[in-house]
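Note on naming: letters A, B, ... go to the chains in the order of the sequence lines (proteins, then strands), and numbering restarts at 1 for each one. For clarity, every value in this text was computed on a predicted model and none was experimentally measured.
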Amino acid sequence: MEYKARDIEQSWQNHWEKNRSFEPSEDLNKPKKYILSMFPFPSGRLHMGHVRNYTLSDTFARYYRQQGMNVLHPIGFDSFGMPAENAAIKNGADPKKWTYENIDYMKGEFKTLGFSFSKERELATSDELYTKFEQGFIIDMYEKGLLYRKKGLLNWCPHDKTVLANEQVVDGCCWRCDTPIEKKDMNQYYFKITQYGDELLADLDKLKDGWPSQVLTMQENWIGKSNGLEFNLFFDDDAKSKLANKFEGFDVFTTRPDTIYGVSYTALAPEHEIVTYMIEHELLDAKVVREIKKMKATSSIDRQKEKAGVPLNINVVHPITKKSIPVWVANFVLMDYGSGAVMAVPAHDDRDYDFAKKYELSITPVINPKEGRHDFSVSAFTDAGILFNSGEFDGLNSKKSQYNIIKYFEEHKLGRKTTNYKLKDWGVSRQRYWGAPIPFVHCNDCGLVMEKKENLPIALPSDVEITGEGNPLESHPTWKHCSCPSCGKDAIRETDTMDTFVESSWYFLRFCASPANWEKEAFSKKQVAYWMNSGVDHYIGGIEHAILHLLYARFFTKVFRDLDYLDFDEPFAKLLTQGMVLKDGAKMSKSKGNTVDPDALIEKYGADTARLFILFAAPPTQELEWNDSGVEGSYKFIKRFFERSTNALKCDAKPKIEHSSLTKEEKFARKKVYEAQVRANEVYEERYTFNTMIAGVMEAMNALNAQSNVDVWSEGYWILTSIMEPVIPHTCWDISSRYFNLKNLSKQVVLDEVFVEDSITLGVSVNGKNRAEIEVATDESKENIIALAKQQVAKHLEGKTIIKEIVVPKKLVNLVVKG
RNA sequence: GCGGAUGUGGUGAAAUUGGUAUACACGCCAGACUUAGGAUCUGGUGCCGCAAGGCGUGAAGGUUCAAGUCCUUUCAUCCGCACCA
């Protein structure tokens, strides 16, 4: 029989579609599995990374269907976003048309790859129905105080002409187009994600067993919680009068209160309000002002190159010693962390040390190492140690003194214990067209007013002109004009749209909703409770989403819980982060010209070959090096697997075999088949190393091929097609339908009898060095085994004394000799 | 600088708890069938060596009867974060 991949694949793809084979059951009493892959942006064509992603999720989904689970394996498109708009600017395409044409094409690709997605739950986040519910959530969050509008210094990408969240700034550049970002003062909507900072951090603990530790660490670092002391540094009388009594002082934050006696200067960020005041009121030399302006204009990358600063010629008073401390402006002080001001302890902080050395400021050591001595003329001592020069705290260790010093500050009302986070509130407004409109209205009388829920969705206009200059919603002749939902007078609609990460923060909940209710509700508590019970069972996607998407989705889940839409804390029980797909050692990318087009591959070999190669070439979390002859090898295996199926007989149940009556080769073949099954179960349930599972099946095939018993062949195929169905579904359904009436695509029972053996092979080592092999009866006595082993390695024992004999049951014998 | 990962044949990679290192595949070599083979089948293939034997999991030590696996030190590559007070 000839293996014609394309014919077989198309016929089964049509069969599955016609029979609605992959729609989940609405019976919420069945045991469930929710298998989710990160949905794609509809860029136009799938790339190999997508194929790897969906092959993995499909493999899980098909396995759990065989196990009798009710499986939800949905797909959608994260379809808002800048590329659609950029295509419009470049080619004059309509973003909506461009997007939905791409979606149609990619759906076709899903079909030809044989992915078992639920067709009926497919969605695109740019669908108006999706926007409608999202806008509803935005309103709920605003009412809860979790969304607010404020003016602030924002990251602005001059190329994409939009605001970016901190998370979207990579090395000071736009995460999408790599243009260096600028700071711009604008109104912007924010989600109060910081309110959930503690919980987002603490709940990482719940994910320990299911998420890669790397991702947990990245999230932990991103949230960046640190405990310390916050206190006020007060100006002396000179400074106060110089500042016209506008400022009493300023707040600083430190994680090292134990170094408080070592403070020898203090520094403000160039953007600090006191600095701004002094510039505006001409309290600084022109030269100093010039220096400060230069610092502000320097990008964050350049600022890191060398420390720079200028003195402000004002002083504060040390809170304990009451000594006078000079105030500087320093380029390494960040305005958006803590209060934008630091107490500087050059003796015990590297940055403060460098700065003090450069500007010849005094360095006052107050902590010694527990052992030995530190040379403060060379570097700062930043470890914990023993305090000196620290008044009543002398002799205490760092840890103890931190506690005592914070207590002292609190008792004397000088300061308080605080927690600081690197995590910032999530800015979500974008000055773009192709996004979900933020459902607010600006009214002259009422101010900022929410749209009424019955008016949702606030849909995008279709007749826009997209030039790349400014926001098309802003320049549209009529769209933004509306009446105030509160007083009815003429008002202006908000023209900002939402960050696309908002859509991907709840799509996994939408998939839980039965399509019958899609018009009526976003999702029901009951359906979500069922499918999300213990979370999405397997969430599969790229490591590049380790921070942004996964953090936002966790945040939304917690918010929805507090809005009483659901009853759990964490959305994703198990996270599998796949490795990149490489060719010639580099990530596949259009710009490098090292891509492999999935469509061409399917055309040549079929989808099953692509799927098999992807799973066989490397374990899922590792990088996958593309290799054309490896693909060829996968094709040949499938071809052989298909052709040799003719050795099986038609049967409706697994054949019964009298194991003891078989030949050695037949027994061995059965053992290999069942070994493959045992390994497959482990791989699907725990290890996810599909490469080793496939290797097991190949070994079993090799063993089957060395014998000719038709029952052994039939049983072998019964089991192996079941194991392989999730990987090469078309081939396996085809074989199974011809021989087994599809009955074997189900949970398999392992027969232990095939593992019982009469004799086993043991390795024989001398001094740990492998020298020979012996074959002994399974129940052979230890004495006999040793005797036989000695006989086998007699040559290596000549003239030597055996001082120890070790027998490891079923493994080996080790003889330790001397002389 | 901080955090994490990885390092095994010519290549992708196996080795679940310390127990015969290199399974499975690619590549290569040889043979069979062939007018032919980039098809198929069979066999071989860690390195050095004619052999006996020796050497082998980035490097160096250590623990152990036994180490890819555990401990110490170190090198290289990759990824993430990065003046976070």
Q: Charged N to carboxylate O under 4.0 angstrom, A/Lys225 versus A/Asp198?
A: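 Salt bridge between A/Lys225 and A/Asp198, a charged N being under 4.0 Å from a carboxylate O: yes.
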Q: Between B/G68 and B/U16, how far is it from one P atom to the other, in whole Å?
A: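 Pairwise P distance, B/G68 against B/U16, rounds to 12 Å.
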Q: Hey, where does RNA chain B pair up into stems, meaning at least three consecutive Watson-Crick or G-U pairs with distances under 3.5 Å?
A: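 Output for stems: B:1-7 with B:75-81, B:10-12 with B:24-26, B:27-32 with B:40-45, B:46-48 with B:53-55, B:58-62 with B:70-74.
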Q: Any luck finding a side-chain donor-acceptor pair between A/Tyr688 and A/Thr59 under 3.5 Å?
A: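 Result is no, nothing qualifies.
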Q: Contact class for A/Phe616 (heavy atom, under 4.0 Å): base, sugar-phosphate, or nothing?
A: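 Base, at least one base heavy atom under 4.0 Å.
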Q: In whole Å, what separates the C1' atom of B/C78 from that of B/A85?
A: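 So the two C1' atoms sit 31 Å from each other.
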Q: Is there a donor in the side chain of A/Asn627 and an acceptor in the side chain of A/Ser629, or the other way round, less than 3.5 Å apart?
A: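 Indeed, the side chains of A/Asn627 and A/Ser629 share at least one donor-acceptor pair under 3.5 Å.
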Q: Verify, without hydrogens or angle tests, whether A/Ser390 (side chain) and A/Leu387 (backbone) share a donor-acceptor contact under 3.5 angstrom.
A: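 A pair under 3.5 Å: no.
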Q: Give the nucleotide from the list B/A85, B/C79, B/A23 with an atom nearest to the side chain of A/Ser226.
A: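 Closest nucleotide among those given: B/A85.
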Q: Classify the nucleic acid contact of A/Thr761 as base, sugar-phosphate or nothing, counting any heavy atom under 4.0 Å across all strands shown.
A: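 Base contact - A/Thr761 has a heavy atom under 4.0 Å of at least one base atom.
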Q: 5'-most contact on RNA chain B: A/Met218 or A/Thr689, nearest heavy atom basis?
A: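 Whichever sits nearer the 5' end wins; that is A/Thr689.
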Q: With respect to the side chain of A/Leu812, which nucleotide from B/U20, B/G54, B/A85 is positioned closest?
A: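 In terms of side-chain proximity for A/Leu812, the closest of B/U20, B/G54, B/A85 is B/U20.
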Q: Output the rounded distance in Å from NZ (A/Lys811) to P (B/G18).
A: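 So the two atoms are 12 Å apart, to the nearest Å.
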Q: When the distance from CE of A/Met698 to P of B/G12 is rounded to whole Å, what number comes out?
A: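 It works out to 17 Å between those atoms.
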Q: Please produce a list of atom pairs where a protein N or O lies less than 3.5 Å from an N or O of nucleotides 39-47 of chain B.
A:
unit_1, atom_1, unit_2, atom_2, d
B/C41, OP1, A/Arg644, NH2, 3.4

Q: Would you check if the distance from the ring center of A/Phe613 to the ring center of A/Trp626 is below 6.0 Å?
A: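 Here the rings of A/Trp626 and A/Phe613 have centres that are less than 6.0 Å from each other.
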Q: Between B/A13 and B/C26, how far apart are the two P atoms, rounded to whole Å?
A: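 Pairwise P distance, B/A13 against B/C26, rounds to 16 Å.
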Q: Is the distance between the ring centroids of A/Tyr717 and A/Phe641 less than 6.0 Å?
A: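 So the answer is yes for these two rings.
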Q: Over all strands shown, is A/Val342 touching base, sugar-phosphate only, or nothing at heavy-atom distances under 4.0 angstrom?
A: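 The residue A/Val342 makes base contact.
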Q: Select base, sugar-phosphate, or nothing to describe what A/Lys795 touches, counting heavy atoms under 4.0 Å on all strands.
A: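 The residue A/Lys795 makes sugar-phosphate contact but no base contact.
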Q: Would you mind classifying the nucleic acid contact of A/Glu805 as base, sugar-phosphate or nothing, using non-hydrogen atoms under 4.0 angstrom?
A: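 No contact at all - A/Glu805 keeps every heavy atom at 4.0 Å or more from the nucleic acid.
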Q: Are the ring centres of A/Phe690 and A/Phe616 closer than 6.0 Å?
A: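 Ring-ring flag for A/Phe690/A/Phe616: false, centres at least 6.0 Å apart.
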Q: Taking for each residue the nucleotide of RNA chain B with the nearest heavy atom, is it A/Asn767 or A/Lys672 whose nucleotide lies nearer the 5' end?
A: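 So the residue in question is A/Lys672.
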Q: Does the base of B/C65 carry an N or O that pairs as donor and acceptor with the side chain of A/Asn814 under 3.5 Å?
A: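 Answer is yes: a donor-acceptor pair is held.
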Q: Atom CG of A/Asn627 to atom C1' of B/A25: distance rounded to whole Å?
A: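 Nearest whole value for this atom pair: 10 Å.
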Q: Looking only at the side chain of A/Lys804 (C-beta and beyond, no hydrogens), which of the listed nucleotides B/A85, B/C65, B/A82 gets closest?
A: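 Selected nucleotide (nearest to the side chain): B/C65.
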Q: Give a yes or no on whether a salt bridge exists between A/Glu805 and A/Lys790, defined as a side-chain N under 4.0 angstrom from a carboxylate O.
A: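 Salt bridge flag = yes for A/Lys790 with A/Glu805.
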Q: What is the distance, to the nearest angstrom, from the NZ atom on A/Lys583 to the C1' atom on B/G12?
A: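 Distance, rounded to whole Å: 15 Å.
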Q: Reckon A/Asn702 touches a base, only the sugar-phosphate, or nothing at all at heavy-atom distances under 4.0 Å?
A: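 Sugar-phosphate contact only.
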Q: Considering only side-chain heavy atoms of A/Val816, which listed nucleotide, B/C65, B/G53, B/A85, is closest?
A: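 Among B/C65, B/G53, B/A85, the one nearest the side chain of A/Val816 is B/C65.
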Q: Could you tell me how far apart A/Asp350 (CG) and B/G1 (P) are, to the nearest whole angstrom?
A: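 The distance from CG of A/Asp350 to P of B/G1 comes to 11 Å, rounded to the nearest Å.
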Q: Report the glycosidic orientation of B/G9: syn if within 90° of 0, anti in every other case.
A: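 What B/G9 shows is a syn base, its glycosidic angle lying within 90° of 0.
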Q: Can you tell me, in whole Å, how much space there is between the P of B/G37 and that of B/G46?
A: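 Per the computed distance, 28 Å lies between those P atoms.
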Q: Touch check for A/Asp349, heavy atoms < 4.0 angstrom, all strands: base, sugar-phosphate only, or nothing?
A: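 No contact.
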Q: Write down the distance separating the C1' atoms in B/U8 and B/A21, rounded off to the nearest Å.
A: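 B/U8 and B/A21 have their C1' atoms separated by 8 Å.
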Q: Taking the same atom, C1', in B/A14 and in B/C65, what whole-Å distance lies between them?
A: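 Taking atom C1' in both B/A14 and B/C65, they lie 26 Å apart.
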Q: Starting at atom CD of A/Gln622, determine the distance to atom C1' of B/U11, rounded to an integer number of angstrom.
A: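 The answer, rounded to whole Å, is 14 Å.
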Q: Base, sugar-phosphate, or nothing: which does A/Val764 touch, judged by heavy atoms less than 4.0 Å apart?
A: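 Answer is nothing: A/Val764 stays at 4.0 Å or more from every strand.
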Q: For this output row, return yes or no: ring centroids of A/Phe376 and A/His348 closer than 6.0 angstrom.
A: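 Here the rings of A/His348 and A/Phe376 have centres that are less than 6.0 Å from each other.
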Q: Between A/Lys358 and A/Glu306, is there a side-chain N and carboxylate O pair less than 4.0 Å apart?
A: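 Answer for the salt bridge query: yes.
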Q: What does A/Glu682 touch in the nucleic acid at a heavy-atom separation under 4.0 angstrom: a base, only the sugar-phosphate, or nothing?
A: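 Result for A/Glu682 = base.
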Q: Is it true that A/Asp354 and A/Lys357 have a side-chain N and a carboxylate O under 4.0 angstrom from each other?
A: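 Not counted as a salt bridge, because no side-chain N and carboxylate O are separated by less than 4.0 Å.
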Q: Figure out the NE2/P separation between A/His545 and B/G80, and round it to whole Å.
A: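 My rounded result for the distance is 14 Å.
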Q: Using a 4.0 Å heavy-atom cut-off across all strands, classify A/Gln304 as base, sugar-phosphate, or nothing.
A: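 Base: the residue A/Gln304, judged by heavy atoms under 4.0 Å, touches a nucleobase.
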Q: Please confirm whether A/Lys307 makes a cation-pi placement over A/Phe355, using NZ or CZ under 6.0 Å from the six-membered ring centre and within 45° of the ring normal.
A: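 Pair A/Lys307/A/Phe355 does not count as cation-pi.
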Q: Rounded to the nearest angstrom, tell me the gap between atom OH in A/Tyr337 and atom P in B/A82.
A: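 Those two atoms, OH and P, are 13 Å apart.
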Q: With a 4.0 Å limit, can you tell me whether A/Asn691 has a side-chain N or O closer than that to the phosphate oxygens OP1/OP2 of B/A14?
A: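 Answer is yes, contact under 4.0 Å.
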